[in-house]
2 protein chains.
Amino acid sequence: MVQFVHPSREDITLAGVLAALADPMRLRIVKSLLAQGDCMSCAEAAPCPGMAKSTLSNHFRVLREAGLIQTSKKGVEHRNVVREADINARFPKLLKTILGYPE
Amino acid sequence: MVQFVHPSREDITLAGVLAALADPMRLRIVKSLLAQGDCMSCAEAAPCPGMAKSTLSNHFRVLREAGLIQTSKKGVEHRNVVREADINARFPKLLKTILGYPE
DNA sequence: TTCAATAGTTCACTATTACTGAACTATTGA
DNA sequence: TCAATAGTTCAGTAATAGTGAACTATTGAA
């Protein structure tokens, strides 16, 4: 079984967060997660039909390792939430600012 | 003679700006440019002794192509300014937010 | 004019990173 | 036990970053 890598709050870096959000698909995933407000499976959270599963999995890994999302296993699927509190504590207003622009 | 590529204001993308700022060295360059308030040569603007000239040149190219800085030739050196007005018009508060965090 | 110095760019090479199909793991339900 | 589902890992290829060396352009001096 796979154990997910989640950096602690202090280990979240600005460069890591920016790099993670610098991909349009990942930006959309985070927006989608926040709009929903609740946990979502990878498939639900990804507004990208036709994308390879492995690519999607990779995007979630990048978001996870940057500290942007928390992934937990629930049954056969993985539930994801944005680590809003951690990001806001570390980089106030960053998320809100970046995610606030129209597509 | 080399003509620099500067995207027009409308062509500046969020992904491009974030990707450009996702590198610690480039973030420091932009901070350094803004702190100075004035045009700076590449060498002046780069707080990175010992870095290869070609690497530095590449960082400036990335910043330029992302629309973050404007480069103009002045004598033997290139003068760089942050395109604050353009970035602020396109993505309000983004620069201030990202550059506001301590190193 | 010619030559050296200076500031950056471009090139070529290597090293790291991203995308994808295929194979694999883990869980659920029949 | 078997099939279906969700996602990860692997292996291969494609794209991108870092660097020294060679190149271009400008200035200033002999």
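Chain letters run A, B, ... following the sequence lines, proteins first and then strands; every chain starts at 1.
Atom NZ in A:Lys73 sits roughly 7 Å away from atom P in C:dA26 (whole-Å rounding). The separation between A:Glu77 atom CD and D:dT5 atom P is 13 Å, rounded to whole Å. Rounded to whole Å, atom C1' of D:dA21 lies 17 Å from atom CG of B:Leu56. A straight line from CZ of A:Phe60 to C1' of D:dA6 spans 12 Å, rounded to a whole angstrom. Atoms CG (A:Asn80) and C1' (D:dT8) sit 13 Å apart, rounded to a whole Å. In this structure, B:Arg61 atom CZ and D:dA17 atom P are separated by 7 Å, rounded to whole Å. Note: CD (A:Glu65) to C1' (C:dT17) measures 13 Å, nearest angstrom. Here C:dA18 presents its P atom at 10 Å from NE2 of A:His59, a figure rounded to the nearest Å.
A:Ser54 has no side-chain polar atom (N or O) that falls below the 4.0 Å cut-off from OP1 or OP2 of C:dG21. Between B:Ser57 and C:dT9 there is a side-chain polar atom (N or O) within less than 4.0 angstrom of OP1 or OP2. An OP1 or OP2 oxygen of C:dT9 is reached within less than 4.0 angstrom by a side-chain nitrogen or oxygen of B:His78.
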Check against side chain to side chain donor-acceptor pair (under 3.5 Å), A:Asn58 and A:Thr55: CA-CA 5 Å; A:Asn58 211 43; A:Thr55 307; over 6 Å; no

For A:Arg79 and A:Ser72: C-alpha separation, side-chain torsions, deciding distance, then whether side chain to side chain donor-acceptor pair (under 3.5 Å) applies. CA-CA 5 Å; A:Arg79 309 299 292 182; A:Ser72 54; over 6 Å; no

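Under the Watson-Crick or G-U wobble criterion, with both distances below 3.5 Å, D:dA22 is paired with C:dT9. If you check C:dT28 for Watson-Crick or wobble pairing at under 3.5 angstrom, you find it paired to D:dA3.
Formation of a donor-acceptor pair under 3.5 Å by the B:Ser32 side chain with backbone atoms of B:Arg28 is not found in this model. A distance-only check finds no donor-acceptor pair linking the side chain of B:His59 to the backbone of B:Met25 [under 3.5 Å].
Residue-to-nucleotide proximity on DNA chain D shows that, of B:Lys53 and B:Asn58, the 5′-proximal contact is made by B:Asn58. Checking B:Thr71 against B:Val76, the closest nucleotide of DNA chain C that is more toward the 5' end is the one next to B:Val76. Along DNA chain D, the nucleotide nearest to B:Lys74 and the one nearest to A:Arg64 differ in position, and the one closer to the 5' end is contacted by A:Arg64.
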